[in-house]
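Residue numbers start from 1 in every chain, and the chains themselves are labelled A, B, ... in the order their sequence lines are given, proteins ahead of strands. Since we're looking at a predicted model, the values are computed, not measured.
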There are 2 protein chains.
Amino acid sequence: MLSTDMDFKKDASAGYLANHMARLFALALHDRIRPLGLAPAQFMTLLELWEDDGLTQKDLVQRLDVEQATMANTLKRMERDGLITRTENPEDRRAQLVRLTPKAKALQEDATSAATGVNEEALSALSPEERQAFVSLMSRVIGALQD
Amino acid sequence: MLSTDMDFKKDASAGYLANHMARLFALALHDRIRPLGLAPAQFMTLLELWEDDGLTQKDLVQRLDVEQATMANTLKRMERDGLITRTENPEDRRAQLVRLTPKAKALQEDATSAATGVNEEALSALSPEERQAFVSLMSRVIGALQD
DNA sequence: TAATATTGAATAGCCTGCTATGCAATGCTA
DNA sequence: TAGCATTGCATAGCAGGCTATTCAATATTA
């Protein structure tokens, strides 16, 4: 009996595994940062703003590689939740500067250690060399998919 | 200057990379199967039904590791799109048997080769040994996150 | 400089995750 | 067997992806 493309084994498929793994990561992160009043996409956005407060929506779109509409919705929820404010941009009246509230600044330590905890849990079964290799392989696959 | 958890580098974070990679996989798959009238979650569901037609919703939930409500919505869209029908289960009137339409059966070859193409594109920069290692590492990380 | 092109954001609409509820069918047990 | 617990699904509501569209502000250029 010939083997064809129709024999598709999801448990050996990189795409299937990537999706499953990402869902589990998101769930684990969600569990840990929910007590802080944060959702995963908000955390990712905060990572950039903790580093550089006062970015524009466009800056965030480029740094996080999501669509502009996705970021617009995330920022709307973050504004609703008191994590950011938007202030006028003196250089361009179309764009606004996204600024962290004191509440958002205060979350940095707890949120980053929650995320570090998720990574440690996920990688707990891997040796240091394997962890390094895993991150490197994912980066290369991301590169290949971005062409 | 002390290094703390507050120095969180997203490009070295397994969770961030997993999310980014999964989004790129999903986009690539979506592009390739859109002409077939399929969306990614529908394809995943079809993979199980091509293998075993006549599963229940509960079977699909267990095999694909998604929540029951998620699968209920996916099946609703698949029924709307003429990919499945639901027939009475003689053994349990609560559950129905999900059956493929001829249309869905006819998509198997094209859809699986589209997915195979995405995997090949994604892994194109990796050696055969690296591809093997990558799949194995993802499986182990999934296992660690499932506890 | 007036007309046109580009750019930054907002909005609408869809898919796919999730949690929380509720309901009907089935199973168990006192 | 009557009552309670469990199970299979549907639905509501939300987050966060996406595309497509629109609008106002800015930039370019004829």
Counting only side-chain N and O atoms of A:Arg93, is one of them less than 4.0 Å from OP1 or OP2 of D:dT26?
-> yes
A:Arg80 vs D:dA15: side-chain N/O to OP1/OP2 distance below 4.0 Å = yes
B:Asn73 has a side chain; which of D:dA25, C:dA9, C:dC18 sits nearest to it?
-> C:dC18
Please test A:Asp59 against A:Thr56 for side-chain hydrogen bond (donor to acceptor under 3.5 Å, both in side chains), starting from the C-alpha separation and ending with a verdict.
-> CA-CA 5 Å; A:Asp59 293 332; A:Thr56 65; 3.1 Å; yes
Would A:Lys9 and B:Glu51 pass as an ion pair if we require N to O under 4.0 Å?
-> yes
Rounded to the nearest angstrom, tell me the gap between atom CG in B:Leu75 and atom P in D:dG8.
-> 15 Å
B:Leu29 has an atom CG; how far is it from atom P of C:dC15, in whole Å?
-> 15 Å
A:Gln57, nearest nucleotide to its side chain (from D:dA10, D:dA15, C:dA10) = C:dA10
A:Met71 CE - D:dA15 C1' separation (whole Å) | 14 Å
Using 4.0 Å as the upper bound for N to carboxylate O, is an ion pair formed by A:Arg93 and A:Glu88?
-> no
Round to the nearest Å and state the distance from A:Phe25 atom CZ to D:dG16 atom P.
-> 18 Å
Aromatic ring pairing A:Phe43/B:Phe8, orientation class (parallel under 30°, perpendicular over 60°, tilted between) = perpendicular
Would you indicate which nucleotide in D:dA10, D:dA24, C:dC18 comes nearest to any side-chain atom of B:Gln96?
-> D:dA10
Of B:Asp59 and B:Arg34, the one whose closest nucleotide on DNA chain D sits nearer the 5' end is B:Asp59
Which listed nucleotide (D:dG17, D:dG8, D:dT26) is nearest to the side chain of B:Ala95?
-> D:dG8
Taking atom P of D:dG8 as reference, at what distance in whole Å does atom CD of B:Gln62 sit?
-> 8 Å
Which nucleotide in D:dC9, C:dT19, D:dG16 has an atom nearest any side-chain atom of A:Pro40 | D:dG16
Any salt bridge between B:Arg23 and A:Glu67, counting N to O under 4.0 Å?
-> no
Nucleotide nearest A:Arg86 (side chain, heavy atoms from C-beta), chosen from C:dA25, D:dA25, C:dA10 = C:dA10
Atom NE2 of B:His30 and atom P of D:dG17: how far apart are they, to the nearest Å?
-> 16 Å
Atom-to-atom span, CG of B:Leu60 to P of D:dG8 - whole angstrom | 13 Å
Any link between A:Ile84 and A:Trp50 through a network of hydrophobic side chains (Ile, Leu, Val, Met, Phe, Trp, Tyr) touching at under 4.5 Å?
-> yes
Proximal nucleotide (of D:dT26, C:dG17, D:dG8) relative to the B:Arg94 side chain | D:dG8
Donor-acceptor pair under 3.5 Å: do we get one between A:Gln68's side chain and the base of C:dA10?
-> yes
Give a yes/no answer on whether the side chain of A:Lys76 brings an N or O atom under 4.0 Å of OP1 or OP2 in C:dT11.
-> yes
B:Gln96 versus B:Gln57, side-chain donor and acceptor atoms under 3.5 Å = no
Consider the side chain of B:Leu27, meaning its heavy atoms from C-beta on, and name the nucleotide among D:dG16, C:dG8, D:dC18 that approaches it most closely.
-> D:dC18
Rounded to whole angstrom units, what separation is found between the CG atom of A:Leu46 and the P atom of D:dG16?
-> 11 Å
Nearest-nucleotide pick for B:Ala69, side chain only, options being D:dC18, D:dG8, D:dT11 = D:dT11
Counting only side-chain N and O atoms of B:Thr70, is one of them less than 4.0 Å from OP1 or OP2 of C:dC18?
-> yes
Would you indicate which nucleotide in C:dC18, C:dT11, D:dC9 comes nearest to any side-chain atom of B:Val66?
-> C:dC18
How would you label the contact of A:Ala72 with the nucleic acid (heavy atoms, under 4.0 Å): base, sugar-phosphate, or nothing?
-> base
Would you mind telling me which residue lines up with the more 5' stretch of DNA chain D, B:Lys58 or A:Glu67, judged by nearest nucleotide?
-> B:Lys58
Which residue, B:Glu91 or A:Asn19, contacts DNA chain C at a nucleotide closer to its 5' end, judged by nearest heavy atom?
-> A:Asn19
